[in-house]
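Structure first, then comments.
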Amino acid sequence: MPPEAVVRCLKSEKTAESLQMQMILQSAPVLKNMKISSMFTIPAGFGRFVCSFLYRTGIRYHCLCRSAQRDLILLYREEQMEEYLKRPEIAGFLADFGYSARISLQEKLRFLGERISWFYNQSQEFPHETGVFLGYPLEDVKGFIRHGGKNYCEIGYWKVYSKAEQARETFRLYDEALNTALEEFFAGKTIREITC
């Protein structure tokens, strides 16, 4: 895909076109049902566009935090996210950061949003457990926290601290999902049609 075409879409005066391109670039593995979630920023107040693109796709939208100019949003597959967060090792890890296993997914997302907002208000370190909500391997999230984001063995969609070969294969599949989604978009498909 020519990079100029992607940049042209991102800079488009047409809000819908620009937002769809951003969603594809940031969330293709989610759209293609290879990943449980993704996170990115959109202009403040543009959530209704994102929601309309996702209508009847099975992908949910959650605004984690807002500023005057930008909204930080999470796109996620609800059933997959709920199952993932219920895994004993994941629930135990999140419990160390104050997430009760008894609260709903929506309450967990609200708490994550509060923690991210506290970071942006400079009263707390960034909540690195966010990596779990993005479906990153638990050992890599723990490695990132333990090493302060340094000493990783591979970098791609996240910083890798274990199972580098497996991560490289996942990165390759995510890249394929991105290329496929871009080709489909430039062939005239909507986000709804691109989504698996």
Side-chain angles (χ1 to χ4, degrees), residues 1-3 6-7 10 21-42 59 62 64-65 70 72-99 101 105 108-109 111-120 122-183 194-196:
M1 191 58 45
V6 173
V7 170
L10 283 171
M21 178 54 64
Q22 186 178 357
M23 286 175 69
I24 290 168
L25 292 174
Q26 299 293 320
S27 303
V30 176
L31 299 175
K32 292 300 186 183
N33 203 15
M34 301 175 79
K35 190 172 185 288
I36 61 172
S37 64
S38 64
M39 189 171 67
F40 58 96
T41 60
I42 60 172
I59 299 172
H62 182 86
L64 291 166
C65 67
R70 312 291 291 168
L72 179 65
I73 64 168
L74 182 78
L75 300 185
Y76 65 99
R77 294 189 173 264
E78 188 170 27
E79 281 183 34
Q80 293 173 355
M81 177 75 83
E82 284 180 341
E83 288 176 23
Y84 183 69
L85 296 182
K86 286 180 183 174
R87 291 182 186 174
E89 68 276 13
I90 301 297
F93 174 78
L94 288 176
D96 292 342
F97 294 92
Y99 298 83
L105 173 58
K108 286 180 174 101
L109 294 179
F111 185 57
L112 175 62
E114 288 173 9
R115 288 179 49 77
I116 291 172
S117 292
W118 294 332
F119 164 74
Y120 284 121
Q122 300 179 0
S123 61
Q124 179 177 315
E125 182 180 333
F126 186 82
H128 295 300
E129 76 273 10
T130 303
V132 168
F133 288 92
L134 294 172
Y136 300 161
L138 182 58
E139 288 308 311
D140 292 337
V141 175
K142 289 179 176 179
F144 185 92
I145 293 168
R146 188 178 320 112
H147 297 284
K150 298 177 181 161
N151 304 323
Y152 48 87
C153 59
E154 190 74 33
I155 189 168
Y157 286 81
W158 68 87
K159 289 183 178 178
V160 179
Y161 291 86
S162 67
K163 301 180 183 171
E165 190 172 321
Q166 184 177 337
R168 278 192 294 276
E169 176 61 13
T170 300
F171 298 161
R172 186 188 67 73
L173 292 171
Y174 287 1
D175 286 344
E176 281 182 17
L178 173 59
N179 290 331
T180 300
L182 285 170
E183 287 171 10
I194 291 168
T195 301
C196 297

Do the side chain of [X] and the main chain of [Y] share a donor and acceptor less than 3.5 angstrom apart?
X	Y	answer
Ser27	Ile24	no
Gln22	Thr41	yes
Ser38	Val30	no
Lys159	Lys150	no
Asp140	Ser162	yes
Lys32	Met34	no

Separation of [Y] [atom2] from [X] [atom1] (nearest 0.5 Å):
X	Y	atom1	atom2	answer
Glu183	Asn179	CD	CG	6.5 Å
Ile194	Leu182	CD1	CG	8.0 Å
Leu94	Arg87	CG	CZ	12.5 Å
Leu31	Met23	CG	CE	6.0 Å
Ile90	Met81	CD1	CE	11.0 Å
Glu78	Ile36	CD	CD1	12.0 Å

Looking only at non-hydrogen atoms, find the nearest pair between [X] and [Y] and report the distance.
X	Y	value
Cys65	Ile116	SG-CG2, 3.8 Å
Val160	Tyr152	O-CB, 3.3 Å
Ala164	Cys153	CB-SG, 3.8 Å
Leu64	Ser117	O-OG, 4.3 Å

CA sep, side-chain torsions, deciding dist, call: Tyr84, Tyr76, side-chain contact (heavy atoms from CB on, under 4.5 Å): CA-CA 12 Å; Tyr84 183 69; Tyr76 65 99; over 6 Å; no
[X] [atom1]: over 12 foreign heavy atoms closer than 6.0 Å:
X	atom1	value
Lys108	NZ	yes
Glu79	CD	no
Glu165	CD	no

Please tell me if the side chains of [X] and [Y] come closer than 4.5 Å, counting only heavy atoms from C-beta onward.
X	Y	answer
Phe97	Arg115	yes
Pro127	Phe119	yes
Met39	Ile73	no
Leu112	Glu129	yes

Working for side-chain contact (heavy atoms from CB on, under 4.5 Å), residues Asn33 and Gln80: CA-CA 10 Å; Asn33 203 15; Gln80 293 173 355; 3.0 Å; yes
Check against salt bridge (charged side-chain N to carboxylate O under 4.0 Å, His left out), Glu82 and Lys86: CA-CA 6 Å; Glu82 284 180 341; Lys86 286 180 183 174; 5.2 Å; no
Derivation of the side-chain contact (heavy atoms from CB on, under 4.5 Å) call for Leu74 and Leu134: CA-CA 9 Å; Leu74 182 78; Leu134 294 172; 3.9 Å; yes
Taking the six-membered ring for Trp, are the ring centroids of [X] and [Y] within less than 6.0 Å of each other?
X	Y	answer
Trp158	Phe171	yes
Phe111	Tyr99	yes
Tyr161	Tyr136	no

Listed partners of Arg146 passing side-chain hydrogen bond (donor to acceptor under 3.5 Å, both in side chains), at least two apart: none
Basic-acidic side-chain contact under 4.0 Å: Arg168, Glu154: yes
Residues Asp175 and Tyr157: side-chain donor-acceptor under 3.5 angstrom: yes
Worked check of side-chain contact (heavy atoms from CB on, under 4.5 Å) between Phe133 and Leu85: CA-CA 8 Å; Phe133 288 92; Leu85 296 182; 3.6 Å; yes
